[in-house]
Amino acid sequence: MREDVVKYEERGLTITVREAKMEDATTLGRLRATLDGETDHFDRVYGEDVLTEEECKAMINACLSPENLLLVAEAEGRIVGYLRAQGSQLRKCAHRIEFGVGVRKEYWGYSIGKTLITKLLRWADENQIHKVMLQVLETNSTAIQLYEKLGFKKEGLLIDDKKHGETYYHTVIMGRLKQEG
C-alpha cells in the first residue's frame, strides 16, 4: 500500500491522500504550526515546538520504516492535513501503533480526517498490526464520534492530563483491534 493514492471529491473539492515525500518537509512544518494555532485540541500551543525543515525531513525518513506511516492530504494544490502513525521496534510493543491526525480548519467537514484514518486502518490491517491507538481530549466530541464510527473504543481516561491556561483537561485513550477478514 506504500504506493496507494486515494483521490476523491467532496462538495466540489478534489482531495488527494498519499504518503509524505521529502519535498513535503517545509510545508509539513508550516502546516503543523498552523494547526496548533487553529484549535486547542493539540498538545502544543501556537509557536511551541516548531519543527525545522531538517526535523521534518527526519520525521518523513523515519516514517519510511515498516512500522511507521506519514500521510498527507492535498486540496487546491496544497497540503491541508496529515496523519502520522508510529509503531515500535520493541517486541512487546511491535503489535501496535499510535497516531495523530490534523486538518486545517477551513477544510473541516470534507471527510479528510476520516479518509486519512481509513487509509491508516487499511494499511494497519494489511500489515498485521493488531492494535491502533490514539489519545484525544475529552472535550473533542466531534473527533471522538468519528473515531467510534471507525471502530475505536474508549479504553481509559487520563485525569487532568493537559492544562491550557488555568483549566485542566482529561485525555481519552482509544483503541481499535485488527479487523479479521
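Basis for what follows: all heavy atoms, side chains included, without hydrogens, waters or symmetry-related copies.
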Legend entry - Flag side-chain contact, heavy atom, 4.5 Å: Leu71 against Trp123: no
Legend entry - Atom CD of Gln89: over 12 foreign heavy atoms under 6.0 Å: no
Inset, instruction - With rounding to the nearest 0.5 Å, note down the distance linking CD1 in Ile112 to CD in Glu10. - result: 9.0 Å
Inset, instruction - Ignoring hydrogens and angles, tell me if any N or O in the side chain of Tyr8 forms a donor-acceptor pair with the backbone of Thr115 under 3.5 Å. - result: no
Inset, instruction - Give, for atom CG of Leu137 and atom OG1 of Thr39, the distance between the pair rounded to the nearest 0.5 Å. - result: 8.5 Å
Legend entry - Flag side-chain contact, heavy atom, 4.5 Å: Lys92 against Leu90: no
Legend entry - NZ/Lys162: more than 12 non-hydrogen atoms of other groups inside 6.0 Å: yes
Inset, instruction - Compare every heavy atom of Gly113 with every heavy atom of Val103, then report the nearest pair and how far apart it is. - result: CG2-N, 3.9 Å
Inset, instruction - Using atom types as modelled and distance alone, determine if a side-chain donor or acceptor of His170 lies under 3.5 Å from a backbone N or O of Asp160. - result: yes
Inset, instruction - Identify whether Leu13 and Val6 are in the same connected component of the hydrophobic contact network (ILVMFWY, side-chain heavy atoms under 4.5 Å). - result: yes
Inset, instruction - State whether the side chain of Glu38 and the backbone N or O of Lys105 hold a donor-acceptor pair below 3.5 Å, judged by distance alone. - result: yes
Inset, instruction - Decide yes or no on side-chain contact (heavy atoms from CB on, under 4.5 Å) for Ile144 and Lys154, but give the supporting numbers first. - result: CA-CA 9 Å; Ile144 291 171; Lys154 293 178 182 175; 3.6 Å; yes
Inset, instruction - Carefully, step by step, assess Leu69 and Ile97 under the rule side-chain contact (heavy atoms from CB on, under 4.5 Å). - result: CA-CA 10 Å; Leu69 184 66; Ile97 59 171; over 6 Å; no
Inset, instruction - Consider only side-chain heavy atoms of I, L, V, M, F, W and Y, link residues closer than 4.5 Å, and tell whether Ile159 and Val136 are in one cluster. - result: yes
Legend entry - Lys163 NZ: over 12 foreign heavy atoms closer than 6.0 Å: yes
Legend entry - Given Val101, Leu35, Asp24, the one that forms side-chain contact (heavy atoms from CB on, under 4.5 Å) with Tyr82: Leu35
Inset, instruction - Check whether Val72 and Met22 end up in the same hydrophobic cluster, where Ile, Leu, Val, Met, Phe, Trp and Tyr are linked by side-chain heavy atoms less than 4.5 Å apart. - result: yes
Inset, instruction - Taking all non-hydrogen atoms of both residues into account, name the closest pair between Gly81 and Leu31 and its distance. - result: N-CD2, 3.8 Å
Inset, instruction - For side-chain contact (heavy atoms from CB on, under 4.5 Å), just list the numbers for Arg30 and Thr26, CA-CA rounded to whole Å, side-chain angles, deciding distance to a tenth of an Å, and then say yes or no. - result: CA-CA 6 Å; Arg30 277 190 249 138; Thr26 301; 2.7 Å; yes
Legend entry - Interatomic distance, Ile60 atom CD1 to Glu19 atom CD [nearest 0.5 angstrom]: 11.0 Å
Inset, instruction - List the atom of Asn68, the atom of Gly87, and the distance in Å for their closest heavy-atom pair. - result: OD1-N, 2.8 Å
Inset, instruction - Please say which of Arg176, Lys178, Lys119 ends up in a salt bridge (charged side-chain N to carboxylate O under 4.0 Å, His left out) with Asp125. - result: Arg176
Inset, instruction - Indicate whether the side chain of Glu76 and that of Tyr107 have a donor and an acceptor atom separated by less than 3.5 Å. - result: yes
Inset, instruction - Decide whether Leu116 and Leu146 are clustered together by the hydrophobic rule: side chain heavy atoms of Ile, Leu, Val, Met, Phe, Trp, Tyr closer than 4.5 Å, transitively. - result: yes
Inset, instruction - Could you point out which residue of Arg18, Arg104, Lys21, Lys7 forms a salt bridge (charged side-chain N to carboxylate O under 4.0 Å, His left out) with Glu74? - result: Arg18
Legend entry - Cluster link Trp108 to Val17, ILVMFWY, side chain under 4.5 Å: yes
Legend entry - Straight-line distance of Glu67 CD to Gln86 CD, nearest 0.5 Å: 9.5 Å
Legend entry - Short side-chain donor-acceptor distance under 3.5 Å, Thr139 and Tyr169: no
Legend entry - Inter-residue atom distance Gln145.CD - Phe152.CZ, 0.5 Å rounding: 15.5 Å
Inset, instruction - State whether the side chain of Arg11 and the backbone N or O of Gly109 hold a donor-acceptor pair below 3.5 Å, judged by distance alone. - result: yes
Inset, instruction - Applying side chain to side chain donor-acceptor pair (under 3.5 Å), name anything that partners Lys131, two or more places apart in sequence or on another chain. - result: Glu155
Inset, instruction - Take Tyr147 and Ile117, measure what side-chain contact (heavy atoms from CB on, under 4.5 Å) needs, and give me the verdict at the end. - result: CA-CA 9 Å; Tyr147 300 142; Ile117 297 166; 3.5 Å; yes
Legend entry - Sidechain-backbone polar pair: Thr52 side chain, Glu55 backbone, donor-acceptor under 3.5 Å: yes
Legend entry - Distance (rounded to the nearest 0.5 Å) between Arg122 CZ and Asn127 CG: 11.5 Å
